[in-house]
Amino acid sequence: PRIHQGMIAQRLSRKILPMGGVLEPSLEIDGNINSSMSGGFLLDGDGKILGMNSTMPRGSGMTIEIRQLNELVRQIRENGTAKPAYIGITTAPARDSDGHEGLVITEVEEDSPARLADLKTGDLLLSLNGEMLNQPKDLFFVLRTLAAGQVTEAVVHRGGNNEVLSITLGER
């Protein structure tokens with residue numbers, strides 16, 4: 001799409017934050033976003049909102065994609081606050097020898113919702129909340145549609161069988 005004021009949304013990217021943590025995925029903009037533009041909308045040439053601008057240290061900027069923004073607004077309206085869902089795993093795309101595609105769990109954090117639900121390193125996570133998962137960003141997007149405290153189902157492939165696990169999502 002054409003971007004207002006010559007800014008171009010280059011790609012979805014993984015942004016490591018200087019204060020720790022990851023903002024993923026976000027639209028990366030090819031122009032600087034100065035502090036007076038922080039919080040403003042990124043529009044395409046037709047006036048369609050693509051996301052909300054946010055300044056980062058050293059004048060760089062990222063844009064929170066509109067689907068994520070809509071979910072945060074919904075949570076704030078319903079609960080008075082936004083509590084993004086947290087599961088506590090690290091994953092990578094994988095396909096097992098039986099042809100199942102999903103996300104192999106490479107790490108399960110101690111005392112995390114994933115650990116409490118019995119997710120294990122080496123499990124192939126096929127879906128969460130009924131959504132198929134092929135890339136780590138798929139998991140991110142599903143989690144952004146859910147809220148902390150919500151109970152959802154994960155389908156994992158382990159030991160040659162699919163298992164359905166119930167997970168009570170946490171907050172970070």
Task: S112 side chain reached by I89 side chain, heavy atoms, under 4.5 Å - done: no

Open item on the list: I'd like to check E171 versus T81 (side-chain heavy atoms, cut-off strictly below 4.5 Å). Are they in contact?
Closed with: no

- [ ] Check S127 against G130 and note the closest heavy-atom contact, atom names and distance.
- [x] CB-C, 4.5 Å

Open item on the list: Is there a continuous path of hydrophobic side-chain contacts, each under 4.5 Å between heavy atoms, that joins L124 to L143?
Closed with: no

Task: R95 CZ: over 12 foreign heavy atoms closer than 6.0 Å - done: no

Open item on the list: For residues L165 and I87: do they belong to one hydrophobic cluster (side chain heavy atoms under 4.5 Å, members Ile, Leu, Val, Met, Phe, Trp, Tyr)?
Closed with: yes

Task: Interatomic distance, T152 atom OG1 to L146 atom CG [nearest 0.5 angstrom] - done: 5.5 Å

Task: From T121 atom OG1 to E107 atom CD, the distance as rounded to the nearest 0.5 Å - done: 7.5 Å

Task: Joint hydrophobic cluster, L126 plus V164, side-chain heavy atoms closer than 4.5 Å - done: yes

Open item on the list: Please check this pair: side chain of R115 against backbone of V108, looking for a donor-acceptor N/O pair closer than 3.5 Å.
Closed with: yes

Open item on the list: For V151 versus S166, what's the shortest heavy-atom pair and its separation?
Closed with: CG1-OG, 3.2 Å

TODO: Let me see the working for T168 and L116 under side-chain contact (heavy atoms from CB on, under 4.5 Å), right down to the final yes or no.
DONE: CA-CA 9 Å; T168 302; L116 296 172; over 6 Å; no

Task: Test item: D96 side-chain N/O and D98 main-chain N/O as donor-acceptor pair under 3.5 Å - done: yes

TODO: Looking only at non-hydrogen atoms, find the nearest pair between G122 and V104 and report the distance.
DONE: O-CG2, 4.0 Å

Task: Distance (rounded to the nearest 0.5 Å) between L133 CG and E101 CD - done: 11.5 Å

Task: Hydrophobic cluster membership, F140 vs L103, 4.5 Å side-chain cutoff - done: no

Task: Shortest non-hydrogen contact from A147 toward A85 - done: C-CB, 4.0 Å

Task: Check: T106 side chain, T90 main-chain N or O, donor-acceptor pair, under 3.5 Å - done: yes

TODO: Quick one: closest heavy-atom pair of G88 and A114, and the distance?
DONE: O-CB, 4.2 Å

TODO: Would you confirm whether D123, through its side chain, and L119, through its main-chain N or O, come within 3.5 Å as a donor-acceptor pair?
DONE: no

Open item on the list: Is there a side-chain contact between D118 and K120 in this structure, where contact means two heavy atoms from C-beta onward sitting under 4.5 Å apart?
Closed with: yes

